[in-house]
Amino acid sequence: MHPFPLPVSAPDQLAYRLLQDSDWARSTDAINTPPELRALLAMILDSPEPLWIAWGRDNKAFFFNDAYLPMLGGKLHGAMGSRLEDVWADVWADVVDAVNDAFGGTSRSFKNMPLMMDRDGTLRETFWTFSYSPLRAGCGGVAGIICMVSEQTERVIERDRHTRQVAAITEQAREAHLELVRAREQLRQSQKLEAIGQLTGGVAHDFNNLLQVITGSVDMLLHTWPAEDARLRYVQAIETAADRATRLTAQLLAFSRRQSLSPQVFDLCESIRALSDIITTVLGARISVSVNLPDAPLPVLLDRTQLDTALINIAVNARDAIDGHGKVTIDVEQLTSVPSVRFAAPMKGNFAAISVSDTGSGIDPSVLDRIFEPFFTTKGVGAGTGLGLSQVFGFVKQSEGEVDVQSQAGVGTRFTLYLPLAQVNASIELPTAQPGLLHGHGLCVLVVEDNVDVAEFAVGALRELEYNVVLARNADEALAELERDAARFHVVFSDVVMPGTNGLDLARTIRSRLPDLPIILTSGYSELLARDPGHGFTLLRKPYSLKQLASVMTEASCRSQTMVTAY
């Protein structure tokens with residue numbers, strides 16, 4: 001035997017040198033020579049490092065040093081020399097392969113091996129690092145194994161706690177990053193909307209005034225032109241072009257959320273049921289339409305015309321995406337929340353979800369994020385303006401809702417409009433038949449309009465409808481006419497954007513003084529109306545037709561139950 005201890009940090013080298021120089025290790029009855037065995041064990045087991053030895057391939061006698069004793073608590077007392085598998089009965093199945101490999105001559109190491117150990121009568125998960133090495137006899141055979149042990153339970157627990165902390169911090173950082181991305185996307189979208197809105201709003205008022213003169217004049221010509229006149233087609237061509245220009249302006253205002261909405265309470269289910277006939281006609285015979293509606297009514301406070309336009313725009317896109325025969329399905333359901341869409345936060349509350357699904361070609365994923373941008377289209381030149389979906393987007397967002405799209409190439413596309421429900425106690429307006437070209441029969445209208453051309457058309461159109469008309473160029477002149485003799489007027493018809501006092505403030509002043517006098521506002525675009533959709537006045541958008549003017553005037557006149565008295 002070596003007279004000096006060797007480092008235990010190299011158990012393979014230590015075991016080999018001890019046994020190589022041991023006369024006892026070369027003997028054929030080494031297992032029956034306890035003094036030599038005790039001498040060998042003494043040199044190894046005196047180490048301050050936790051060690052244990054399994055001796056004998058068959059019996060695997062278990063010996064351990066004092067440093068290892070406290071690791072298993074009272075369980076090891078009296079276990080010296082016992083069979084290893086008896087001492088380690090609880091975990092033998094987990095370590096038997098490693099022990100057998102070591103007896104076969106292979107060194108094995110395990111880092112942080114989890115074992116359910118009985119610690120002082122308590123079974124709990126522990127973690128151990130083992131380094132198994134064979135103890136070779138002089139003849140080269142393996143007489144036993146030596147194992148260096150260290151328990152890592154506290155360290156692993158601390159590491160896992162730290163890992164969880166890091167994971168929690170990482171998740172917080174991820175959420176913060178996602179929130180930042182969401183905020184940046186919302187800012188980008190807001191800046192885009194603001195830029196388009198400023199551009200559109202800046203020209204919409206004057207442009208719609210021009211269109212009012214054009215379309216109004218065409219309407220008057222069509223009203224009086226003989227049907228057999230060959231020149232009528234030129235007037236109709238002007239009307240078609242003007243209508244297209246009107247739609248383009250309205251769609252731009254819709255996308256930028258600057259259109260003047262006219263919300264009313266109505267049953268969404270009834271509205272879509274009525275609209276389905278129009279959509280069926282628009283889609284044509286090759287595309288079948290299926291509508292699934294809930295039994296209970298769903299009251300909404302929306303601009304019904306804009307909703308119809310949005311659904312028709314989606315349906316037209318579905319038609320263009322279907323090659324040959326296909327199907328469009330409209331589903332309506334009530335929800336209590338809206339999921340996150342395009343990084344926006346989820347919304348809670350009562351909503352109606354309108355889903356329009358088609359069996360078309362789907363949308364390319366590379367352009368899916370751009371489909372709501374104005375003037376963006378995947379259709380050929382002249383086949384689309386790129387404003388249909390932008391109108392859908394703007395109308396839904398301005399109505400405090402959300403719109404989502406899901407698409408799969410070759411399978412189809414599904415648009416979902418999430419729109420807020422109205423209070424259940426709100427009255428639902430039933431659709432009424434549009435009146436014909438009704439006349440005023442001498443009722444008097446106070447027209448307030450600063451644009452000379454528009455004023456000339458409005459006065460001429462009202463007189464054509466047999467109304468008496470008094471024209472005021474601004475709010476001050478209008479108030480002066482009312483002060484002179486308010487009783488003669490049955491309706492006030494005022495533009496909104498005017499120099500000095502605007503039409504909305506004028507209407508509020510008149511209502512405070514003459515609450516029974518009906519007031520109709522008209523505008524091609526007004527920031528005031530866009531910011532205050534609940535202003536409470538009837539709104540006729542420019543450009544309006546002669547029939548629309550007659551209808552709104554008749555409705556206002558019927559509401560006037562009493563004559564207006566002086567101040």
Side-chain angles (χ1 to χ4, degrees), residues 196 199-227 229-256 258-262 278 282 303 305-306 308-310 312-313 316 374-375 377 379 381-388 390-392 394-395 434 436-437 447 449-465 493 495-497 520-526 529-530 539-553:
I196 295 175
L199 173 64
T200 306
V203 300
H205 178 262
D206 291 337
F207 189 62
N208 279 329
N209 275 339
L210 296 174
L211 285 174
Q212 179 61 69
V213 176
I214 296 172
T215 59
S217 299
V218 167
D219 210 24
M220 293 290 288
L221 286 174
L222 291 175
H223 179 60
T224 57
W225 206 290
D229 196 318
R231 293 172 296 177
L232 184 63
R233 68 180 186 272
Y234 300 119
V235 179
Q236 292 172 334
I238 297 173
E239 179 188 39
T240 300
D243 287 344
R244 185 178 179 185
T246 300
R247 288 195 300 271
L248 289 176
T249 306
Q251 287 169 333
L252 277 174
L253 286 172
F255 174 78
S256 58
R258 292 171 181 254
Q259 62 182 335
S260 300
L261 297 179
S262 297
I278 299 176
V282 169
D303 188 313
T305 302
Q306 290 297 319
D308 291 349
T309 302
I312 291 174
N313 282 335
V316 169
F375 301 113
T377 179
K379 300 176 183 179
V381 177
T385 63
L387 288 173
S390 68
Q391 181 273 336
V392 175
F395 159 69
Q434 292 295 322
L437 194 60
V447 175
E449 175 63 65
D450 66 301
N451 185 288
V452 175
D453 295 329
V454 176
E456 183 178 352
F457 164 75
V459 170
L462 288 170
R463 286 174 177 166
E464 181 70 23
L465 294 172
F493 183 51
D495 188 22
V496 174
V497 179
I520 301 172
L521 297 178
T522 182
S523 177
Y525 165 73
S526 171
L529 299 182
L539 174 65
L540 181 61
R541 294 189 187 90
K542 296 177 182 177
Y544 50 82
S545 66
L546 188 62
K547 184 176 182 179
Q548 289 172 326
L549 179 62
S551 175
V552 74
M553 282 294 167

Review point. Which value, rounded to the nearest 0.5 Å, describes the distance between D453 atom CG and L210 atom CG?
Key: 8.0 Å
Point to revise | T309 side-chain N/O to T305 backbone N/O, donor-acceptor pair under 3.5 Å | key: yes
Check your understanding: Would a 4.5 Å heavy-atom cut-off, applied to side chains only, mark V213 and V454 as touching?
Key -> yes
Check your understanding: How far does CD of Q212 sit from OH of Y544, to the nearest 0.5 angstrom?
Key -> 4.5 Å
Review point. Could E239 and R233 be called an ion pair, given the rule that one side-chain N must be under 4.0 Å from one carboxylate O?
Key: no
**Study point:** Separation of D229 CG from L221 CG (nearest 0.5 Å)
**Key:** 10.5 Å
Review point. A242 and I214: which non-hydrogen atoms are nearest, and at how many Å?
Key: CB-CG2, 4.1 Å
Practice item. May I ask you to say whether K542 pairs ionically with D495, meaning some side-chain N is under 4.0 Å from a carboxylate O? Key: yes
Practice item. Say whether, by atom type as modelled, one donor and one acceptor occur between the side chain of Q306 and the main chain of D303 under 3.5 angstrom. Key: no
Practice item. May I ask you to test the E456-V459 pair for a side-chain heavy-atom distance under 4.5 Å? Key: no
Review point. So, does T522 use its side chain to make a donor-acceptor pair with the main chain of L540 at under 3.5 Å?
Key: yes
**Study point:** Worked verdict on M553 versus L462 for side-chain contact (heavy atoms from CB on, under 4.5 Å)
**Key:** CA-CA 9 Å; M553 282 294 167; L462 288 170; 3.9 Å; yes
Check your understanding: Does the D219 side chain pair with the main chain of L546, one donor and one acceptor, at a distance under 3.5 Å?
Key -> yes
Check your understanding: A458 and V447: which non-hydrogen atoms are nearest, and at how many Å?
Key -> CB-CG1, 4.4 Å
Exercise for review: I would like to know whether V316 and V282 meet side-chain contact (heavy atoms from CB on, under 4.5 Å); could you show each step before the answer?
Suggested key: CA-CA 7 Å; V316 169; V282 169; 3.7 Å; yes
Review point. Within a strict 4.5 Å, meaning less than it, do heavy atoms of the L222 and L232 side chains meet?
Key: yes
Exercise for review: Please report the closest heavy-atom contact between F395 and A310, naming both atoms and the distance.
Suggested key: CD2-CB, 4.1 Å
Point to revise | Check: F493 and E449 side chains under 4.5 Å, non-hydrogen atoms | key: no
